[in-house]
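Down below is the structure, laid out as structure tokens.
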Amino acid sequence: MNRRLLGTAALAATLAVAAGAPAAFAQSRTLSNETTFTRWANAAVRATAYAEPSATARRVGRLRPLTEDGFPEVYVLLTEQRDAAGVTWVRLRLPQRPNDVTGWVPRDALGPYHLLHTRLVVNRRTFRITLYEHGKRRFRARVGVGAPGTPTPAGSFWIREKFRVTGNSLYGTRAMGTAAYSDVLTDWPGGGVIGIHGTNQPGLIPGRPSHGCIRVRNRDIERLYALTPVGTPLRIK
């Protein structure tokens, strides 16, 4: 580009800022590709999430400190951008209805970043769950998914919480809460959240026995639980 064009571009940018247009971004980087590397963070404050990286943009959600079950809430981070004023914004996935919503929050609304290299994929047609690490298959098992009237939703989600279960429970021996939400009540306490958990009815796997949750035989959920860190992205297809 010649000097005249450069001068014209600089003048246009100056006029845009003076007119109140959003400032151009000085830096940008990818935080997660959700396949071989993913970054996540907890909320540091109850901040508003915006449709664009600007406090004047449309509001699309709000950060919260805890999940429905009282565990620290987890947010998958997609992109980080620093604007010309020096403010760093982060685009992240929001655990809420409707599913697959993303928003922008200031960097200081989040805690430290955590990096991982795992990924989960659930195939509702073949009734399989597969765990990948660094892009390579690490674990696979058969599953049960939602019945036709209470389907397991498709989309991009992640693991938000993990806990052990005692007794002869509907959830088997281990459970992991995801960021997927059903339009109807599920087996999860409080209803609506899609979980990945064990079962006291292993004979129903593989199949479509649930209200939306993903059921795994107890011997499989115990291994999957040990291999899957909180923050792992989950693709349901």
Side-chain angles (χ1 to χ4, degrees), residues 34-35 38 67-71 73-74 76 93-102 118-133 135-237:
E34 300 178 281
T35 301
T38 299
T67 70
E68 291 87 348
D69 301 305
F71 293 90
E73 188 61 272
V74 171
V76 167
R93 294 194 178 278
L94 295 166
Q96 63 182 44
R97 290 186 176 89
N99 290 319
D100 283 331
V101 173
T102 65
T118 47
R119 179 194 185 206
L120 278 171
V121 177
V122 172
N123 189 314
R124 298 174 299 171
R125 182 179 59 84
T126 61
F127 306 113
R128 289 192 182 276
I129 187 169
T130 306
L131 174 72
Y132 298 90
E133 188 171 9
K136 298 181 179 180
R137 192 175 76 190
R138 181 80 182 274
F139 173 84
R140 174 179 285 182
R142 304 304 295 274
V143 299
V145 297
T150 55
T152 302
S156 296
F157 310 108
W158 63 99
I159 302 300
R160 299 162 60 202
E161 58 189 13
K162 298 170 57 176
F163 54 91
R164 297 171 181 265
V165 183
T166 58
N168 185 27
S169 169
L170 173 68
Y171 307 103
T173 59
R174 303 287 188 275
M176 300 188 290
T178 81
Y181 285 83
S182 172
D183 291 334
V184 298
L185 292 179
T186 65
D187 302 331
W188 206 259
V193 175
I194 299 297
I196 302 174
H197 59 76
T199 180
N200 58 2
Q201 297 179 299
L204 299 180
I205 297 173
R208 303 182 187 277
S210 82
H211 292 126
C213 286
I214 299 159
R215 299 187 187 181
V216 187
R217 294 186 178 97
N218 287 342
R219 66 175 183 272
D220 293 325
I221 193 62
E222 290 182 8
R223 186 178 175 201
L224 183 63
Y225 183 98
L227 294 173
T228 307
V230 165
T232 295
L234 165 66
R235 179 67 181 173
I236 302 177
K237 59 183 184 177

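Predicted, not measured: the structure shown is a model, and the values here were computed from it.
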**Request:** I would like to know whether Ile159 and Thr178 meet side-chain contact (heavy atoms from CB on, under 4.5 Å); could you show each step before the answer?
**Result:** CA-CA 5 Å; Ile159 302 300; Thr178 81; 4.1 Å; yes
**Request:** Check step by step if side-chain contact (heavy atoms from CB on, under 4.5 Å) holds for Arg124 and Val143.
**Result:** CA-CA 9 Å; Arg124 298 174 299 171; Val143 299; over 6 Å; no
**Asked** Stepwise, does the side-chain contact (heavy atoms from CB on, under 4.5 Å) test hold for Leu131 with Leu120?
**Response** CA-CA 5 Å; Leu131 174 72; Leu120 278 171; 3.8 Å; yes
**Message:** For a side-chain contact (heavy atoms from CB on, under 4.5 Å) check, start with the C-alpha distance between Ile196 and Thr228, then their side-chain angles and the critical distance, and finish with the verdict.
**Reply:** CA-CA 11 Å; Ile196 302 174; Thr228 307; over 6 Å; no
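Here the straight-line distance linking atom CD1 of Ile214 with atom CD1 of Ile221 works out to 9.5 Å at 0.5 Å rounding. Summarising the geometry, atom CG belonging to Leu224 is positioned 5.0 Å from atom CD1 belonging to Ile129; distances are rounded to the nearest 0.5 Å. Between the CZ atom in Arg119 and the OG1 atom in Thr130 there is a gap of 9.5 Å [rounded to 0.5 Å]. For the atom pair Leu94 CG and Asn99 CG, the distance stands at 11.5 Å (nearest 0.5 Å). Note that the OG1 atom of Thr126 and the CZ atom of Arg140 stand 7.5 Å from one another [nearest 0.5 Å]. Distance check: Asp220 CG to Phe139 CZ gives 4.5 Å after rounding to the nearest 0.5 Å.
A side-chain donor-acceptor contact under 3.5 Å links Thr150 to the backbone of Ser210.
Contact detail for Glu34 and Val76: the closest heavy-atom pair is OE2-CG1, 3.9 Å. Listed here is the closest heavy atom pair of Arg160 and Pro95: NE-CB, 3.8 Å. The nearest pair of heavy atoms linking Arg138 to Arg223 is O-NH2, 3.8 Å. The shortest heavy-atom contact between Arg215 and Leu170 is NH2-CD1, 4.0 Å. Smallest separation of non-hydrogen atoms from Cys213 and Val193: SG-O, 3.9 Å. The minimum heavy-atom distance linking Phe71 with Lys162 is given by the pair CE2-O, 3.8 Å.
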Please output the side-chain donor-acceptor pairs of residues 230-237 that fall under 3.5 Å, not counting sequence neighbours, one pair per line with the distance.
residue: Thr232; atom: OG1; partner: Thr118; partner atom: OG1; Å: 2.8
residue: Thr232; atom: OG1; partner: Pro229; partner atom: O; Å: 2.7
residue: Arg235; atom: NH1; partner: Ser156; partner atom: OG; Å: 2.8

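With a 4.5 Å cut-off on side-chain heavy atoms, Phe157 and Arg93 do not count as touching.
The aromatic rings of Tyr171 and His197 sit perpendicular to each other, their planes meeting at more than 60°, with 30° as the lower class boundary.
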